[in-house]
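Below: the structure, in structure tokens.
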Protein chains: 2
Amino acid sequence: MNTKNINTHLTEIRDYFKAAISIDCVIFGFDEDVLKVLLIESDLNEFKGKWSLLGDIVRPDEDLEEAAYRVLQERTGLEDVYMEQVQAFGAIDRHPAGRVISIAFYSLVNIGHVELKKHNNDLHWHAVKDIRHMAFDHKEILATCYQRLQHKVIEQPIGFNLLPKKFSLRELQNLYEAILDVKLDRRNFRKKFFAMDYLIDLNEEEQEVPHRPARLYKFNQEKYSQRQKKSLGF
Amino acid sequence: MNTKNINTHLTEIRDYFKAAISIDCVIFGFDEDVLKVLLIESDLNEFKGKWSLLGDIVRPDEDLEEAAYRVLQERTGLEDVYMEQVQAFGAIDRHPAGRVISIAFYSLVNIGHVELKKHNNDLHWHAVKDIRHMAFDHKEILATCYQRLQHKVIEQPIGFNLLPKKFSLRELQNLYEAILDVKLDRRNFRKKFFAMDYLIDLNEEEQEVPHRPARLYKFNQEKYSQRQKKSLGF
DNA sequence: ACAAAAGTGTTGTCAATACACCCATGG
DNA sequence: CCATGGGTGTATTGACAACACTTTTGT
């Protein structure tokens with residue numbers, strides 16, 4: 001039988017090619033009815049003037065999700081954020097400095113809660129629709145993550161993560177229209193969301209709007225978590 | 001401005017922690033109306049008697065897909081196989097020999113075309129439903145890939161990759177029932193597939209069955225590829 | 001009173017479901 | 001002639017799409 005002990009294996013791994021592992025975060029936000037992504041000006045001369053996703057090398061003592069949360073926390077100050085791994089990007093020459101394989105995550109944040117710090121003055125929110133060129137293969141990573149988001153958002157109610165705690169149905173609809181890049185019928189949209197039964201009516205209204213104020217709702221997180229458990233259970 | 005030249009970056013990457021990168025292949029096959037996966041007995045003493053996915057370290061000169069195809073080719077002799085990256089698995093202690101981050105792929109093969117070679121006599125097909133324990137975190141990888149397959153198979157007609165070129169509708173239905181682990185109505189199933197219009201009637205019949213022989217079909221690959229292009233186009 | 005957006009129901013269409021009988025073949 | 005699975009059509013239901021008018025507020 002072809003068995004090896006752990007030392008053989010250790011040697012094999014030590015002798016084998018090792019690559020650097022990084023994570024890249026596609027941080028989505030929603031502002032002024034536009035889906036945006038947080039980018040930083042590339043710190044590489046090769047990509048001067050190009051925009052780049054937020055990423056870092058994964059450290060020996062952290063797993064991939066931890067690394068991604070660390071970057072997110074360092075850059076936005078936020079915790080408890082929705083995040084999902086998308087996939088790895090490993091083209092041989094994707095990084096000019098050597099073989100770097102990157103695991104892409106996307107996350108959804110409430111853009112109003114993000115305070116861009118002084119030392120982050122090269123960080124900016126960009127409308128996803130307007131982005132043309134990016135550093136590295138980040139355009140491809142962004143596109144893949146954006147597709148994943150579009151797909152996910154029609155299957156599960158994760159869009160709420162991009163909104164303030166209290167929101168109107170119009171805001172919610174604008175969000176979906178921005179993400180999916182479609183126009184939706186207002187009445188059908190309302191019907192659908194009320195039927196899903198994840199909205200809690202706060203009995204509050206918008207303030208200081210120059211028209212009839214809309215009712216405000218919040219997302220029923222508990223009910224959603226309950227149902228998730230149940231549907232996973234069987 | 002905070003720019004770095006390539007050498008700073010090179011140093012950073014050289015000095016930083018580097019992990020070994022592997023790929024793991026979840027190779028699905030379909031035989032005797034059962035969804036199966038190709039596994040190998042672990043070559044590590046730690047996992048003696050446990051089954052393991054087929055994987056290998058990624059080499060410096062190949063990208064992730066190439067590495068996955070290489071493993072698949074070495075183990076099954078097959079080329080031109082359906083394959084999809086699922087995600088990376090990077091828990092700190094997932095490999096006893098050190099930090100190894102693994103990118104998982106699943107692929108769909110025609111099990112009849114796989115000839116397990118002599119030197120592969122520790123390779124076996126296992127019914128996905130019956131698998132209890134596996135080496136490393138391979139149970140989790142398998143579960144994730146299987147979920148992805150279930151999801152994908154109801155969105156796109158990729159199931160054909162698991163069948164012989166010529167197949168009956170019963171075989172196709174059995175395949176879907178096995179993958180999704182549900183019972184389907186025969187008439188509705190037929191209606192749906194004919195409506196999709198991806199089946200070419202070969203005007204042939206099953207041979208030597210002890211009942212009325214079924215008609216045989218093949219998958220209209222061109223039509224599918226055409227439509228894919230169109231729907232991506234706009 | 002006007003502008004601007006909120007809120008609200010009904011109808012038609014299409015897709016998914018449920019369901020039962022006759023047919024062709026081998027033994 | 002019997003056992004086995006192959007092949008077929010219809011009626012019902014539920015989900016989604018299309019669509020227009022009244023209400024509330026600020027200016």
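Protein chains get the first letters and strands the later ones, always in sequence-line order, with residue 1 at the start of each.
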Open item on the list: Tell me whether the rings of A/Phe47 and A/Phe136 are parallel (<30°), tilted (30 to 60°) or perpendicular (>60°).
Closed with: tilted

Task: Sequence-distant partners of A/Glu205, salt bridge (charged side-chain N to carboxylate O under 4.0 Å, His left out), two or more places apart - done: none

TODO: Could I get the full list of salt bridge (charged side-chain N to carboxylate O under 4.0 Å, His left out) partners for A/Glu62, not counting sequence neighbours?
DONE: A/Arg70

Could you list all N or O pairs between the protein and nucleotides 1-3 of chain C that sit under 3.5 Å apart?
none

- [ ] Have a look at the helix from C/dA1-D/dT27 to C/dG27-D/dC1 and give the angle its two end axes make, five pairs each, rounded to 10 degrees.
- [x] 0°

Task: Spacing of CG belonging to B/Asn110 relative to CG belonging to B/Asp31, to within rounding of 0.5 Å - done: 10.0 Å

TODO: Check for a donor-acceptor pair, side chain of A/Gln85 on one end and backbone N or O of B/Ala88 on the other, with a separation under 3.5 Å.
DONE: yes

Please produce a list of atom pairs where a protein N or O lies less than 3.5 Å from an N or O of nucleotides 7-9 of chain C.
{"residue": "C/dG7", "atom": "OP1", "partner": "A/Arg215", "partner atom": "N", "Å": "2.8"}
{"residue": "C/dG7", "atom": "OP2", "partner": "A/Arg190", "partner atom": "NH1", "Å": "3.2"}
{"residue": "C/dG7", "atom": "OP2", "partner": "A/Arg190", "partner atom": "NH2", "Å": "3.1"}
{"residue": "C/dG7", "atom": "O5'", "partner": "A/Arg190", "partner atom": "NH2", "Å": "3.1"}
{"residue": "C/dG7", "atom": "N7", "partner": "A/Arg186", "partner atom": "NH2", "Å": "2.5"}
{"residue": "C/dG7", "atom": "O6", "partner": "A/Arg186", "partner atom": "NH2", "Å": "2.8"}

Task: Ring centers of A/Trp51, A/His124 separated by less than 6.0 Å - done: yes

Task: Partners passing ring pair (Phe, Tyr, Trp, His ring centres under 6.0 Å) against A/His211 (at least two apart in sequence or in another chain) - done: none

Task: Heavy-atom closest pair, residues B/Gly49 and B/Glu41 - done: CA-OE1, 3.9 Å

Task: Rounded distance in Å - CZ (B/Phe193) to C1' (C/dA16) - done: 15 Å

Open item on the list: Under the ring-ring contact (aromatic ring centres under 6.0 Å, His included) definition, can you give me all pairs with a residue in residues 66-91 of chain B, not counting sequence neighbours?
Closed with: none

Task: Check: A/Gly77 main-chain N/O paired with A/Glu115 side-chain donor or acceptor under 3.5 Å - done: no

TODO: Could you pull out all residues at least two apart from B/Asp197 that satisfy salt bridge (charged side-chain N to carboxylate O under 4.0 Å, His left out)?
DONE: B/Lys223

Task: side-chain contact (heavy atoms from CB on, under 4.5 Å) partner of A/Ile103, the single match among A/Val86, A/Asp24, A/Leu64 - done: A/Leu64

TODO: Heavy atoms of chain A, cut-off under 4.0 Å: which first and last nucleotide of DNA chain D, 5' to 3', fall inside that, if you could look?
DONE: D/dA17 to D/dG26

TODO: To the nearest Å, give me how far apart CD (A/Glu205) and P (C/dA5) are.
DONE: 17 Å

TODO: Report the relative orientation of the aromatic rings in A/Phe160 and A/Phe193; use parallel for angles under 30°, tilted for 30 to 60°, perpendicular for over 60°.
DONE: perpendicular

TODO: Please list, chain by chain and in numerical order, all residues satisfying salt bridge (charged side-chain N to carboxylate O under 4.0 Å, His left out) with A/Lys129, sequence neighbours excluded.
DONE: A/Asp181

I'd like a list of close polar pairs between nucleotides 13-15 of chain C and the protein, N/O only, cut-off under 3.5 Å.
none

Open item on the list: Among residues at least two apart in sequence or on other chains, which ones pass side-chain hydrogen bond (donor to acceptor under 3.5 Å, both in side chains) with A/Asp80?
Closed with: none

